[in-house]
Amino acid sequence: MSNGTLLAATLALTTVALVVVGTVWPVHAAAVYAGREHFLRSSADPESVVRNLGDDIGMQAWARAYASLGNKAQFTQADFVSDLRGHAPSLITYAVPEKTEVLPLRVSGNDATMRLKIYWATVVGPLVSVQDIHVVNDGAHWLALWPYVKAIPVPPQVVAVNYLRWDVIYRGAEDDWGAQDVEAPHVRIIDMHPVQRADGVVILGELLNEDVVPAFVSVSATLLGKNNTLIATEGSFDKISHLLLPKQVTPFLIRFSGISMDDVASVRMTPSSTLISASADPVIEIADQHLTAQPGELLTGKLINQSGRVVNVAHVLATFYDKSGQLIWVSDEYLKEALSPGTPVPFEVVVPQDIAGEVSTQRAVVATFSTEGLQ
Amino acid sequence: MILPDSLEAGAPFTVSTSGNGKATLYVVGPGAAIKQDIQLGGATAFPAGSLSNVGHYVACLAWDGGSINGVFDVSVAAMVTELSFLAKPSRLSVGVANGITGTVYLFDVYHNLILPPATVSFELLLPSGSVVKRTAVSRGGAAWIALDSSAQQGNAKFSAQVGTVSSTRIVEQVPGDPCRLAMSAKQVSGKLELVTEPVKDCSGNPVPDGTIVTFTGTHNGDQSTVDVPLKHGVAQGELPAYPGEALSVASGVVLGNRIVWEK
């Protein structure tokens, strides 16, 4: 037998051996995504039960997840999926569960409480939903009880909406040079504050639409070095409310990672605005804003949609000020749920721990998106 | 070859030659070229509009066995027939000093910029009916002016005129920031209904509908806010009602009154 034939035979045997080993003793992640983990893992303890449930949710195996629940008689599979993914189209509806995590909160002989964290991959980045799941032992098995929250339907009604709407007619391409066009909205940066953070320089600020028409706005910043040399240019991306109605103010935050303030001699700010068709509806009330010190530093509150149609995506931007009224931080949070008319939806905006102690006042604004059109 | 001494853009002209026989005349200049077979020893006429672009032209007469060159200039027509009027901005607040600028470029019938000085009359017809008139002399083909916006909101007609030629633009004068922002509160079924007085700027113009007004309520460190647009000149919003709640109102950078809800 030649050396080449021997090598080929050895490789073939090794491959077959590895395939057999991988099939009989698969690694956990492979088993989960192959849909086998459910059968391989024990359900003899509450943590495993919730972990199995998390794996089923992670694989979007809704029927199997629903079938494993101990209280499934109280709701249908469709209710269970709606409870997980939102009753109205929202960020979570179009998200994919990336991974799940289980944390034991309390365990006793007959029951336990487990925290199930589901990490969703959404179009605006990762979002985490948290469910505290009660697990009971019926004598033979441990069973997870899903904390189902029944959606309260909005009562049938007519909501009169007669807020202003702006439409824009631009000049045509065939118009002569020198012909007049509609003026871009006049916007102004009313506050700007660069700060050094551990991961680089952050530019914080506020932008005002001082015009009488709506504006689609964005802000970019350019850092210049000692010899007027260009260091970097960055935009606010989604750390801003892009739609500004007349006299509305939005905070913005621009990150420059890996740059030290010592290298920056000046900052050039470039706000931009364009006219946009818009409506003054919906009106969102931000109720009960409260800065909590523990656990973690959070701005909590509730959003109440005072209008008559569902807001599918809500983005809360919070501005924090110190005792002297100086802007010290900007945070944001996308809500996982849609905002149904008149239904309060809680939100939490994280405040960095080192800044929380300096916060004296805060101001929150909400940017919204409805599938019926950009708002 | 005898070429015109001076030629106005678009005017007819003739080129005279001596000798006999056939030749070809070439005329080349800015954005234009003419080739014409001619009979030597006569005058060749070119109709009006043959050379419409202002500039320096070269004429070349070529025949069997030789050629000669000559140059001549085409100057701008004296009469202004077209204005390009840039009025900026198309929308501004009332009461802005030198806020409205107008720039006029003067052209002849062939779109040549007219460089010699010409007097341009500017006129701003204000929403109140009064008229502001100014004149400016053009330099290098352009004349410009700056005017104040009036105290009254509305559309102003901004026109520029040279001779019988005129051009008009509309400048929208819009209200400024709210001058005095005052609200009142009343309790309606467990909530506070907050309503502003009609919101006006410092010249008395009503601030346009759609302008955002922010109501804020602070109670025991908790804060509630709602951004509402003006509707029919007033803003109306709802906040939770708590005894001792401090209520405030703002629009843009303007702060209004403050109320402490005692009930």
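Residue numbering restarts at 1 for every chain, and letters A, B, ... go by the order of the sequence lines. Side chains included, hydrogens not; waters and symmetry mates left out as well; all remaining heavy atoms used.
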State, to 0.1 Å, how close [X] and [Y] come at their nearest heavy-atom pair, and which atoms those are.
| X | Y | value |
| --- | --- | --- |
| A:Lys247 | B:Pro178 | CE-CD, 4.1 Å |
| A:Glu183 | B:Pro89 | OE2-CB, 3.1 Å |
| A:Gln362 | B:Gln223 | O-NE2, 2.7 Å |
| B:Pro175 | A:Val212 | O-CG1, 4.2 Å |

Top of B:Lys88, B:His219, B:Glu238 for chain A proximity - count of heavy-atom pairs under 4.5 angstrom | B:Glu238

So, B:Ser224 and A:Gln289: side-chain donor and acceptor under 3.5 Å apart, yes or no?
-> no

Are any non-hydrogen side-chain atoms of A:Val283 and B:Pro229 less than 4.5 angstrom apart?
-> yes

Are any non-hydrogen side-chain atoms of A:Asp288 and B:Pro240 less than 4.5 angstrom apart?
-> yes

Which pairs would a plain distance check flag for residues 247-257 of chain B, meaning a side-chain donor or acceptor within less than 3.5 Å of a matching protein atom at least two apart in sequence or in another chain?
{"unit_1": "B:Ser251", "atom_1": "OG", "unit_2": "B:Ile212", "atom_2": "O", "d": "2.9"}
{"unit_1": "B:Asn257", "atom_1": "OD1", "unit_2": "B:Met183", "atom_2": "N", "d": "2.9"}
{"unit_1": "B:Asn257", "atom_1": "ND2", "unit_2": "B:Met183", "atom_2": "O", "d": "3.1"}

[X] portion near chain B, given a 4.5 angstrom heavy-atom threshold:
| X | result |
| --- | --- |
| A:Leu164 | side chain |
| A:Ile284 | backbone |
| A:Val366 | neither |

First locate atom CG of A:Leu245, then atom CG of B:Leu230, and finally report the distance between them rounded to the nearest 0.5 Å.
-> 11.0 Å

Among the listed options A:Val365, A:Ile304, A:Val213, A:Thr361, the residue most often paired with chain B at heavy-atom distances under 4.5 Å | A:Val213

